[in-house]
Structures are given as C-alpha cells and as structure tokens.
Amino acid sequence: MSFAADLVSALERATAGQPVPRVRALHLPPPEAAASKNGEFCALELDDGALGISYVLLGDTLAQLASGHGAQQLAGMDALTLARAFAAPPGAGAEAGIQRTLGFAAANALSRTVMERMGFAPPRAGDSIGGIDPQPGDHLGMVGLFSPLLKQVTAAGALLTVVELNPEYVCHYDSYRVTLDAAALEDCNKVLSTSTILLNHTVDDILAHCRRADRIVLIGPSAGCLPDPLFMRGVTVVGGSWITDRQGFIDALRRGESWSAFAYKFALTAGDWPGLPSGR
C-alpha cells in the first residue's frame, strides 16, 4: 500500500474502540503572510485540543481555503473520516489538492491525539537537520532546497545533490548540483528530505531511490503523523514541530507571526518510539 493508505490504516487501528474527536476549526495564516515562512502552514484543531499542521502553498490551496472553498462543513466532522481523504485516489484540480491538504492536517491532528493518549511526547531535536552529521566523503541527497543548510553541508566537505520540483533551480553550482531526477538519490549514503513529500504523495517514489542510504532524515513542521509507516520505509529520523502552547500557536499562526515560541522541534527515531500498543 501507499504511505498515505498505511498511515490511515495505522490511525484506524490506533483509535479502534475509542472515541474519535471531531473537527473544531481550521486556522489559516493571513494571505499577506504567504510570501514568508510564517504563512506556509495551516492548523486543523480537534475538539480534544489536538492540532495538525499541513503545508498550504501547493498551487492555490491557501487562497481557496481562505475563500471558504472546501472548508465550509469542517466543524463537527469526524477526524478519521476527514483523514481518509488524504489516502483517496489522487485526482486533479483544486478540489483534490484541498481535500488532500485537509486530510493530511486531520491525520496529523489525530496522530497527536493518539500520542497524547499514549502519554508520549517526542524528544527535542539536537540540531536543525536531524543529526545527519555531514562528513568528508559523504554524498548527501537533499530533497527540496534547504537554502540555509547549503553552507553547513558543503563546508563539511560532503558532496551534495539536491532534488527539486522547480526546474528554475536546476543547475551545477560550485559545490552542489540541483536536478529534477529523483534517481540521483541512488548514489547518496545520506538523505535529508522536506516533509512536503508526504503531502504531495511523492514519498514512496522518493524513498524507493534511497535504498542505499544508511541515514534518511525527513523534517518539516508537518511531519507530525504516526511514524510507523515511515520507519517501515527506511526513514531513520522524523523531525517535526511539537506544539506546547495551543492557543499561543493558533494566535501567532493567524497573525502571520512566528510560532516557534509555542512549539519545539523534535527528532524521533525508531528507538524513541514505543510503537502503538499491542492489539491496535
């Protein structure tokens, strides 16, 4: 099955025989924040207080959601029903993108519910790149151009290949190259990827090219889902944002301001994760 289908299946098992929270509200950044990193994500709030983050700048998703398209009947909706939209067969057009975004946010929110019920909170990250620790002789693959990290990687003497979706970035630079071809990851022994590959359903294809990598790190604010399907696929570290102040986070997001004071970055390995309780 696909990652999305495996995630929904894990959520179904984890909530079996238990009450499933319903959607309370969708929180969006203001349109004027879309040009900054503070306007890249929405948060879906459940009636138990759980929040799920999802990227909203794929296509015109933010504009569509801000206009109310696809979000009119969210309040009171069963969170698991909405999460299943994330695993629906891929479609085309704005409606498919909106349902995928909302479904992913619901899956992340429901994952938070499950973790809270388990009494689990992920450990804080020691750095911003999931401990990938670039070294001389490493060939690091980067899925998505993490511009602030380029110098950190290349200064360590590691070879760097960046896989991008935007053809405008394709080029051979002095210390790294950018390509559209995910097969370039097959030569990499370490891979650092943005969590956007979860939302756009490219994660299975990307990870299929990472079988030779001994360290695969997936990071981003929206990497808040149950990690089991990712660990099963060879991901070694999942890094996301763990919200510690729900109202502070919501208020900052809705104002288009930084919400870093209301959440911490985590780095979760298979050794940290106890797994879902037996019988689920």
Side-chain H-bond candidate by donor/acceptor type, Asp181 with Thr179, under 3.5 Å:
no

Should the pair Asp6-Arg233 be classified as a salt bridge under the 4.0 Å nitrogen-to-oxygen rule?
yes

Between Ser195 and Ser222, is there a side-chain donor-acceptor contact under 3.5 Å, judged purely by atom types and distance?
yes

Counting N and O atoms only, with roles assigned by atom type, does the side chain of Arg22 sit under 3.5 Å from a partner on the main chain of Asp48, one being a donor and the other an acceptor?
no

Would you say Ser9 and Arg13 are linked by a side-chain donor-acceptor pair, where the criterion is simply a distance under 3.5 Å?
yes

Is there a donor-acceptor pair closer than 3.5 Å between any side-chain N or O of Ser241 and the backbone N or O of Ala263?
no

Between Asp138 and Lys190, is there a side-chain N and carboxylate O pair less than 4.0 Å apart?
yes

Check: Asp272/Thr269 side-chain N/O donor and acceptor closer than 3.5 Å
yes

Intermediate values then yes/no, side-chain contact (heavy atoms from CB on, under 4.5 Å), Arg212 and Asp187:
CA-CA 7 Å; Arg212 295 180 185 175; Asp187 295 326; 4.1 Å; yes

Compute the centroid of each ring, for Phe249 and then for His27, and state whether the two points are separated by less than 6.0 Å.
no

Any salt bridge between Glu45 and Arg246, counting N to O under 4.0 Å?
yes

Establish, from distance only, whether the side-chain atoms of Thr161 and His139 form a donor-acceptor pair under 3.5 Å.
yes

According to the interplanar angle, ranging from 0 to 90°, do the rings of Trp242 and Phe266 count as parallel (below 30°), tilted (30 to 60°) or perpendicular (above 60°)?
perpendicular

Judged by atom type as modelled, is there a donor-acceptor pair below 3.5 Å linking the side chain of Ser54 to the main-chain atoms of Phe104?
no

Indicate whether any N or O donor in one side chain lies under 3.5 Å from an N or O acceptor in the other, for Glu40 and Asn38.
no

